[in-house]
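When reading the values below, keep in mind they use all heavy atoms of this one structure, side chains included, and skip hydrogens, waters and symmetry mates.
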Amino acid sequence: SLGSVQAVRELSLQVQAGEIYGLVGADGAGKTTTIRLLCGALRADAGEVIIAGYDIQKQTELARTHIGYLSQRFSLYEDLTVLENIHFFAEVRGLRANEWYPRCMEILDFVGLADFKDRFAGKLSGGMRQKLGLATALVSRPQVLLLDEPTTGVDPVTRQDFWQLIIRLVSTPEMGERVAVLVSTPYMDEAVRCHRIGFMGQGRLIQEGTPGQLRSLLDGRILELRGSPLPLLKQIAAKEPGVEDVCAFGDRL
């Protein structure tokens, strides 16, 4: 609970290694609170969170050693270079002096930032900042990766690149052991890339399943879209396939 508001209620999640689980919902649905509970930034009033076999409330530090976390906001040091940032987090996570540089370069090569290792983080584009955030989350070879709306505010091409990295991460062991990925997103085109999806609303898990299972729930249903003004919908229809039929239906009303 956050004050008088119960932000997350009766939520049960299980994510396996090599799986991408998408937590989908509108702003205020409880996605960010859920991720903060999972990484131990918030304490749950009831229930338990088990990360790689450790209870996050009773064995917090042990559990956190297995977590990689990327928050919504860029939280790295803008006055440090790309390499200096990841070096800092490598040492914080316990990598020895003879380990940090090979591991950092391996990660930077994986996310496509090896050629920018000497650029100050404050000079990076939004997409490159998110890739650096992902690199710092992966430097300690986590078993669980928590991504809180990682592509919000970046361009479509960068979103595509970022998701290719996540898919490679769970499908091939090139960065170490395969990880369990929990990602929150408001975008349905991202959600369908996940192995399983959970829809959240008002702090609860409303529906859960694979993308195919959730699509099958709509078989045989008719959905009606209403909006105004119709001229604006027609402008959208020129760019979005399938909207033309809705606008034509609206003209006949």
Validation row: L147, L182 side chains within 4.5 angstrom (heavy atoms): no
Close side-chain approach of V183 and P150, heavy atoms under 4.5 Å: yes
Residue list, side-chain hydrogen bond (donor to acceptor under 3.5 Å, both in side chains) with T34, at least two apart or on another chain: none
Check: L132 and F116 side chains under 4.5 Å, non-hydrogen atoms: no
hydrophobic_cluster_shared for F199 and V15, side chain cutoff 4.5 Å: no
Working for side-chain hydrogen bond (donor to acceptor under 3.5 Å, both in side chains), residues T158 and D161: CA-CA 5 Å; T158 300; D161 291 344; 5.4 Å; no
Within 6.0 angstrom of Y101 OH, more than 12 heavy atoms from elsewhere: no
Worked check of side chain to side chain contact (heavy atoms under 4.5 Å, CB included) between R193 and Q164: CA-CA 10 Å; R193 297 172 182 259; Q164 289 302 318; 3.9 Å; yes
Nearest heavy atoms of L165 and F110, plus distance in Å: CD2-O, 3.1 Å
Remaining members of the apolar cluster that contains L62, side-chain heavy atoms under 4.5 Å: Y54
I35-L42 co-clustered via ILVMFWY side chain contacts under 4.5 Å: yes
Atom of A90, atom of V139 and distance for their closest heavy-atom approach: CB-CG2, 3.8 Å
Heavy-atom closest pair, residues K31 and S184: CB-CB, 3.9 Å
D148 vs T32, side-chain hydrogen bond (donor to acceptor under 3.5 Å, both in side chains): CA-CA, chis, key distance, verdict: CA-CA 6 Å; D148 190 8; T32 294; 3.0 Å; yes
With E48 via salt bridge (charged side-chain N to carboxylate O under 4.0 Å, His left out) - residues at least two apart: none
Side chains of residues 18-26: which donor-acceptor partners sit under 3.5 Å, not counting sequence neighbours?
from, atom 1, to, atom 2, distance (Å)
E19, OE1, Q16, N, 2.9
E19, OE1, R196, NH2, 3.3
E19, OE2, R196, NE, 2.5
E19, OE2, R196, NH2, 3.3
Y21, OH, E208, OE2, 2.6

Interatomic distance, I107 atom CD1 to L138 atom CG [nearest 0.5 angstrom]: 5.0 Å
Atom of L124, atom of V82 and distance for their closest heavy-atom approach: CD1-CG2, 3.8 Å
Closest contact, heavy atoms only, G209 versus L214: O-CD1, 3.9 Å
D189 side chain reached by R159 side chain, heavy atoms, under 4.5 Å: yes
4.5 Å side-chain heavy-atom contact, V192 and R215: yes
Pairing residues for S71 by the side-chain hydrogen bond (donor to acceptor under 3.5 Å, both in side chains) criterion, not counting sequence neighbours: none
Parallel, tilted or perpendicular: rings of Y77 and F88 (30°, 60°): perpendicular
Non-hydrogen side-chain atoms of V144 and L38 separated by less than 4.5 Å: no
Non-neighbouring partners of R64 that pass salt bridge (charged side-chain N to carboxylate O under 4.0 Å, His left out), sequence neighbours left out: E61
Evaluation steps, side chain to side chain contact (heavy atoms under 4.5 Å, CB included), between I56 and I50: CA-CA 6 Å; I56 193 70; I50 304 299; over 6 Å; no
L83 to M105 - nearest heavy-atom pair and separation: CD1-SD, 4.1 Å
Cationic N near anionic O, under 4.0 Å, E84 to R119: no
Exam field: side chain T136 to backbone G133, donor-acceptor pair closer than 3.5 Å: yes
Point-to-point distance, once rounded to the nearest 0.5 Å, from CD1 of I197 to OG1 of T185: 10.0 Å
Straight-line distance of F162 CZ to K131 NZ, nearest 0.5 Å: 9.5 Å
Test side chain to side chain contact (heavy atoms under 4.5 Å, CB included) applied to L169 and I167, step by step: CA-CA 5 Å; L169 185 66; I167 292 169; over 6 Å; no
Same cluster (ILVMFWY, side-chain, under 4.5 Å), W163 and V157: no
Spacing of CZ belonging to R129 relative to CG belonging to L113, to within rounding of 0.5 Å: 12.5 Å
Side-chain heavy atoms of F89 within contact of L76, under 4.5 Å: yes
Within-4.5 Å side-chain heavy-atom neighbours: L205 and L13: yes
Q202 atom CD, over 12 foreign heavy atoms within 6.0 Å: no
Option passing side-chain contact (heavy atoms from CB on, under 4.5 Å) with T151 (candidates Q130, Q160, E190): E190
Point-to-point distance, once rounded to the nearest 0.5 Å, from CG of L145 to CG of L134: 6.5 Å
Atom pair CZ/CZ of R103 and R93 - distance to nearest 0.5 Å: 11.5 Å
Atom CG of D27: over 12 foreign heavy atoms under 6.0 Å: no
